[in-house]
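Report on the structure given below.
These numbers were taken from a predicted model, which means no experiment stands behind them.
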Amino acid sequence: MDFNNKQLEAINHYEGACGVIAGAGSGKSTVLINRIKTLVEKHRVPERDILIISFTSATAKELKAKLNGFGLTQVKTGTFHAICRDILSKSGYLNGKTLIPEYKREQAIVSKETKLDTEAILSFIGYQKNYLKSVTDEFEHFESEYTQDELRRFYRGYESFKDKNHFYDHEDTLIEALRVLEKKKIHYTFPFLLVDEHQDSNLVQNELIKHLCPSRNIMCVQDYRQAIYGFRGSNPEFSMNFDKEYPGAKIINLDINYRSPANVVDKANHFIKRYYGDFKHYSDSIAHLKDRGIISKDVFYSSEEEGLSVAEKIESLIGSGEDINQIAVLFRNNSQVSNVEYELKLRNISYYNAKGGSFFKRREIAAIISYLRLISNPHDDVAFDSVFRFRNYPIQFFSNKLYNDIKSFSGVHNLSIFETLTSPEFKYDKPFQRKNAKEFCDMINNLRKQYDKGISVTTMIDNLIKAFKFETYIYNNSNNKEELEDKMKSLSLLKSFVKNNNLEQFINFTYSNKQNKHKEKDSVKLMTVHGSKGLEYKHVFLIGVEDGKFPSDKSDILEEARLFYVAVTRPKENLYVSEIGRDNQFVKEYFN
């Protein structure tokens, strides 16, 4: 294939450090593969002397498959964590240790005295580890509702829990591997190293790169404009200062964009230059395609209005013959796409949420729908199973053993689970269990009577939320104020989706047009901007741009700007931006 001059310069680079700034759509994967091919075929570098590190296992597999296609089967390829697990396995560190399960991580933090935001605390601990900060060090700055003393106590307790149970975590994998290499406990180096997505490296990973390749024949491919994982401790300055870390390093800008039409590329340049135009290695992307795509802006005053408009446009695109697989809806947070999902359902348009974040699959929403199914038909055992797994009042203390006994009794006596709950022949272990089972069944029956008398479905939802103490459940199972508010809002949003007073129709609607389980199937793609990185679509809808949410007031503005840049560089043809309210910061900066 034909390569441009900058691509050829990177492909033909032989020895010494080289930083490749690969702009969006610049063909970096092809450059990586062909550089390795050149090392092996032209410079006679043994394949086993080459290591490629990627940031995701999916990318590692993709690179490996492409290398295999060229007959290059001995090049070592993996993520940082995979490489480090290999190092720890060879060094003996893993003997007797196991990776801590996620629920155990939360268990290490939970306090009986007070409700804690375990997710935020674990994020803090991971962030500090990624900066090589131990429990006794001065911490790297991290926004938190807790004091430094409290955070240190949580960190110490977490580490003590791990040590006591012979656990290690993902951050330990990198840190301990770095220590093994620093102390030269084993020989684990490569004469040639290639690193993908270097802008997402944290301090530990940046140090690992140096130890894995002492020869400094290192090629790091990056785009500082697409660094979007600062909340995990990643720092684009490691890649931006590559020539300071490796004096004399060659810096190559892959600045031709083969993905997007000229106006999409120019608009993205216009936006990001405001933030990075003074960087010494900054270079505008250059559009290879001279065509112009559609770039539109819509202003909405509610997410309901936005959802309706976006779905109508998608329906129109599909109706005009556009490939449904080339349509993507991007958003900052999963909560922003609920109304789009609802409107797609109404139109029977198949969709796929890349992170499984469907509104109707939310834990509290799925539970309410299961309760409604029981109200409609108390003998729906599948619905009861979902309710039981929700573990809500008044059966939250029913054990798995008791539930298995109930199911077994139901099968032997040809009864529904609902009938078994109040059967005088079924023997409960403790009096409170029968009392709670009766209370549960009485509430379902009372709600059934209400519906038979003609109350609306929305009132039915209100009453079951009160009867089964959903708000208390949500309060006790929310990690922070933002999550609590989002879950409470979802209860109201569910009611807004009721368009008639027919319970059966509403239940069927929530289960209709189930999102495809596989990306390959025909569907509109719904995904966060984080999840869209590296992907491209002909038609891209960027929704929910609103000050305080995007850019988020809880994140660094530079990180938010980079995230917006990722979003607006996904289209292969057309970009549809929608904002909630007028004059939002990023919309003004992008369009003005």
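Using a 4.0 Å cut-off between a side-chain N of Lys or Arg and a carboxylate O of Asp or Glu, Arg347 and Glu315 qualify as a salt bridge. A salt bridge does not link Lys554 to Glu143: none of the charged nitrogens lies less than 4.0 Å from a carboxylate oxygen. Between Asp223 and Arg562 there is no salt bridge, since no side-chain nitrogen of the basic residue lies less than 4.0 Å from a carboxylate oxygen of the acidic one. By the 4.0 Å N-to-carboxylate-O rule, Arg332 lies close enough to Glu560 to be salt-bridged with it. In summary, Asp442 and Lys438 engage in a salt bridge, as defined by a charged side-chain N under 4.0 Å from a carboxylate O. A salt bridge is defined here as a Lys NZ or Arg NE, NH1 or NH2 lying under 4.0 Å from an Asp or Glu carboxylate O, and Asp452 with Arg448 fails to meet this definition. Comment: Lys313 engages Asp298 in a salt bridge, judged by a side-chain N to carboxylate O separation of less than 4.0 angstrom. Of the charged side-chain nitrogens involved, none lies within less than 4.0 Å of a carboxylate oxygen, so that Asp381 and Arg373 do not count as a salt-bridged pair.
Checking each of Phe124, Tyr127, Tyr131 against Phe139 for a ring-ring contact (aromatic ring centres under 6.0 Å, His included) leaves exactly one that passes, namely Phe124. A side-chain contact (heavy atoms from CB on, under 4.5 Å) with Ser456 holds for exactly one of Ile461, Asp462, Asn501; it is Asn501. In summary, of the residues considered (Lys162, Arg105, Lys129), a side-chain hydrogen bond (donor to acceptor under 3.5 Å, both in side chains) with Asp169 occurs for Lys129 alone.
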Practice item. Check the pair Gln336, Ser303 against side chain to side chain donor-acceptor pair (under 3.5 Å), reporting the backbone distance first and the verdict last. Key: CA-CA 7 Å; Gln336 294 173 302; Ser303 56; over 6 Å; no
Exercise for review: Evaluate the side chain to side chain donor-acceptor pair (under 3.5 Å) criterion for residues Asn165 and Lys104: first the C-alpha distance (whole Å), next the side-chain angles of each, then the deciding distance (0.1 Å), finally the verdict.
Suggested key: CA-CA 10 Å; Asn165 292 280; Lys104 289 284 187 181; over 6 Å; no
Practice item. Applying ring-ring contact (aromatic ring centres under 6.0 Å, His included), run through Phe440 and Phe398 and close with a yes or a no. Key: CA-CA 12 Å; Phe440 175 88; Phe398 278 24; 8.5 Å; no
Point to revise | Test log, rule side chain to side chain contact (heavy atoms under 4.5 Å, CB included), inputs Phe55 and Thr79 | key: CA-CA 5 Å; Phe55 269 76; Thr79 63; over 6 Å; no
Exercise for review: Determine, step by step, whether Val340 and Phe359 satisfy the side chain to side chain contact (heavy atoms under 4.5 Å, CB included) criterion, reporting the C-alpha distance in whole Å, the side-chain angles of both residues, the deciding distance to 0.1 Å, and the verdict.
Suggested key: CA-CA 10 Å; Val340 173; Phe359 175 80; over 6 Å; no
Practice item. Carefully, step by step, assess Glu485 and Lys489 under the rule side chain to side chain contact (heavy atoms under 4.5 Å, CB included). Key: CA-CA 6 Å; Glu485 290 174 351; Lys489 182 181 176 182; over 6 Å; no
Practice item. Just do the side chain to side chain contact (heavy atoms under 4.5 Å, CB included) check on Ile121 and Leu116 with the steps written out, would you? Key: CA-CA 8 Å; Ile121 293 169; Leu116 298 174; 4.1 Å; yes
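Note: Phe418 and Phe384 fail the aromatic proximity criterion, with ring centroids not under 6.0 Å apart. Between Phe231 and His530, the distance separating the two ring centers is shorter than 6.0 angstrom. For an aromatic pair to be called close, the ring centres must be under 6.0 Å apart, and Tyr342 with Phe509 satisfies this. In this structure, Phe271 has its ring center no closer than 6.0 Å to that of Tyr565.
Distance CD1/Ile349 to CG/Asp522: 13.0 Å, rounded to 0.5 Å. Glu559 CD to Tyr275 OH: the interatomic distance, rounded to the nearest 0.5 Å, is 13.0 Å.
Relative ring orientation between Phe497 and Phe360 is described as tilted, the plane-to-plane angle lying within the 30° to 60° band.
There is no side-chain donor-acceptor pair under 3.5 Å between Glu197 and Ser54. One side chain, Lys525 or Asn325, offers a donor N or O that lies under 3.5 Å from an acceptor on the other. With 3.5 Å as the limit, one finds no donor-acceptor pair spanning the side chains of Asn235 and Asn202. Under 3.5 Å, the side chains of Glu306 and Ser578 contain a donor-acceptor pair of N or O atoms. Residues Gln450 and Asn463 have side chains that bring a donor and an acceptor to within less than 3.5 angstrom of each other. Side-chain polar atoms of Glu579 and Asn584 form a donor-acceptor pair below 3.5 angstrom. Side-chain polar atoms of His539 and Glu322 form a donor-acceptor pair below 3.5 angstrom. For the 3.5 Å distance criterion, the side chains of Ser370 and Ser386 qualify, holding a donor opposite an acceptor.
Other residues, nucleotides and ligands place no more than 12 heavy atoms under 6.0 Å from the CD atom of Glu237. Few gaps surround CZ on Phe591; more than 12 heavy atoms of other groups in view lie less than 6.0 Å from it. For His170, the NE2 atom counts as loosely surrounded, since its 6.0 Å shell holds 12 or fewer non-hydrogen atoms of other residues, nucleotides or ligands.
Of the possible polar contacts, none joining the Ser316 side chain to the Glu312 backbone as a donor-acceptor pair under 3.5 Å is found.
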Donor-acceptor pairs under 3.5 Å, side chain of residues 467-475 to any protein atom, not counting sequence neighbours: which ones?
unit_1: Tyr473; atom_1: OH; unit_2: Arg363; atom_2: NE; d: 2.8
unit_1: Tyr473; atom_1: OH; unit_2: Arg363; atom_2: NH2; d: 3.4
unit_1: Tyr473; atom_1: OH; unit_2: Phe390; atom_2: O; d: 3.4

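The ring pair (Phe, Tyr, Trp, His ring centres under 6.0 Å) check on Phe331 picks up nothing, with sequence neighbours excluded.
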